[in-house]
**Student:** 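The structure's right below; bear with me while I get my questions together.
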Amino acid sequence: MPRPVRLAVRGLLIIDNRLLLVNAWRDRSDLLCAPGGGVELHSSLHDNLKREFHEETGLGIAVHAPCLVNEFHDPDGDFHQVDIYFHVTHVDGDPYGEWTDPEGVVSERHWLTRAEVAQRKVKPDSVAAVAWGDTGPRTFYDPLEPLMR
């Protein structure tokens, strides 16, 4: 029986015109993504994002409007994930200080300019355009991207 579709939330945080991205898989890939993770039952999307963002970065955030819905899937397997992205702002914690992800997934934080994002392996493909506002104030839908390893 195939796995059910997984729902996740992610936050787009820009400080000093640099976007915060984290490693997607510890020691398995150079792929970067926005901080966030799986949604837990009976917890709001905002609360899930605050929890996941803090675990992965050590930072407290305020969650604002959703800005992107993105789907990842493995065309050769049973993985399918829907990510809902939100613009977020920094509330507390040292953006450049030490931290440890209690789940051991995230081991790197990267503060990247738009030009640097373009030079890295980042998913989803639309993350820079959405983070820097090229899509305008509307929510952007980015359907069914193949999973990258």
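Below, each value reflects all heavy atoms present in this structure, side chains not excepted, and no hydrogens, waters or symmetry copies. If you're wondering where the values come from, they're calculated on a predicted model, not measured in any experiment.
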**Student:** With a 4.5 Å cut-off on side-chain heavy atoms, are V106 and P35 touching?
**Tutor:** no

**Student:** Set out, in order, the CA-CA distance, both residues' side-chain angles and the distance that settles side-chain contact (heavy atoms from CB on, under 4.5 Å) for T57 and V22, then state yes or no.
**Tutor:** CA-CA 8 Å; T57 69; V22 298; 4.2 Å; yes

**Student:** With the threshold set at 4.0 Å, does a side-chain nitrogen-carboxylate oxygen contact exist between D74 and R3?
**Tutor:** no

**Student:** For V105, is there any backbone N or O sitting under 3.5 Å from a side-chain donor or acceptor partner on N23?
**Tutor:** yes

**Student:** For a 4.5 angstrom cut-off between non-hydrogen side-chain atoms, does D16 reach W111?
**Tutor:** no

**Student:** Quick one: does E40's side chain get under 4.5 Å of R51's, heavy atoms only?
**Tutor:** yes

**Student:** Does any donor atom in the side chain of D94 or W99 lie under 3.5 Å from an acceptor atom in the other side chain?
**Tutor:** no

**Student:** Could you tell me which non-hydrogen atom of I15 sits nearest to which non-hydrogen atom of P95, and how far apart they are?
**Tutor:** CD1-CG, 4.0 Å

**Student:** In Å, rounded to the nearest 0.5 Å, how long is the span from NE2 of H73 to CD of Q81?
**Tutor:** 12.5 Å

**Student:** Evaluate the criterion salt bridge (Lys or Arg N to Asp or Glu O under 4.0 Å) for residue pair D134 and R114; output intermediate values, then yes/no.
**Tutor:** CA-CA 12 Å; D134 297 357; R114 182 137 188 201; 2.5 Å; yes

**Student:** So, do L68 and S126 sit near enough that their side-chain heavy atoms are less than 4.5 Å apart?
**Tutor:** yes

**Student:** Run I84 and V39 through side-chain contact (heavy atoms from CB on, under 4.5 Å) and show every step you take.
**Tutor:** CA-CA 10 Å; I84 301 173; V39 170; over 6 Å; no

**Student:** Are V91 and L45 in one and the same hydrophobic cluster, where Ile, Leu, Val, Met, Phe, Trp and Tyr link if side-chain heavy atoms are under 4.5 Å apart?
**Tutor:** no

**Student:** For residues A34 and G11, report the shortest heavy-atom separation together with the two atoms involved.
**Tutor:** CB-O, 3.4 Å

**Student:** Going from CG on D101 to CD on E108, what distance comes out if it is rounded to the nearest 0.5 angstrom?
**Tutor:** 12.0 Å

**Student:** Side chains of L112 and L32: does their closest heavy-atom pair fall under 4.5 Å?
**Tutor:** yes

**Student:** Applying side-chain contact (heavy atoms from CB on, under 4.5 Å) to Q119 and V117, what does each step give before you reach the verdict?
**Tutor:** CA-CA 5 Å; Q119 301 301 313; V117 169; over 6 Å; no

**Student:** Under a 4.5 Å cut-off applied to non-hydrogen side-chain atoms, are V88 and F53 in contact?
**Tutor:** yes

**Student:** Quick check for you: to the nearest 0.5 Å, what is the distance between E103 atom CD and E52 atom CD?
**Tutor:** 6.5 Å

**Student:** Run the side-chain hydrogen bond (donor to acceptor under 3.5 Å, both in side chains) test against R120 and tell me which residues pass, sequence neighbours left out.
**Tutor:** none

**Student:** With Y85, which of V9, L49, V69, N70 fulfils side-chain contact (heavy atoms from CB on, under 4.5 Å)?
**Tutor:** N70

**Student:** Take F86 and I61 through the test side-chain contact (heavy atoms from CB on, under 4.5 Å) and record every step on the way to the result.
**Tutor:** CA-CA 11 Å; F86 293 83; I61 56 168; over 6 Å; no

**Student:** Specify the closest pair of heavy atoms between G60 and H54, including all atoms of both residues, with the distance to one decimal.
**Tutor:** N-CD2, 4.2 Å

**Student:** As an exercise, state the distance from CG of L7 to CG of N48, rounded to the nearest 0.5 Å.
**Tutor:** 8.0 Å

**Student:** What distance do L31 atom CG and K123 atom NZ have between them, rounded to the nearest 0.5 Å?
**Tutor:** 8.0 Å

**Student:** So, the side chain of H64 versus the backbone of C67: is there a donor-acceptor pair under 3.5 Å, distance only?
**Tutor:** no

**Student:** Distance from L12 atom CG to T89 atom OG1, nearest 0.5 Å?
**Tutor:** 12.0 Å

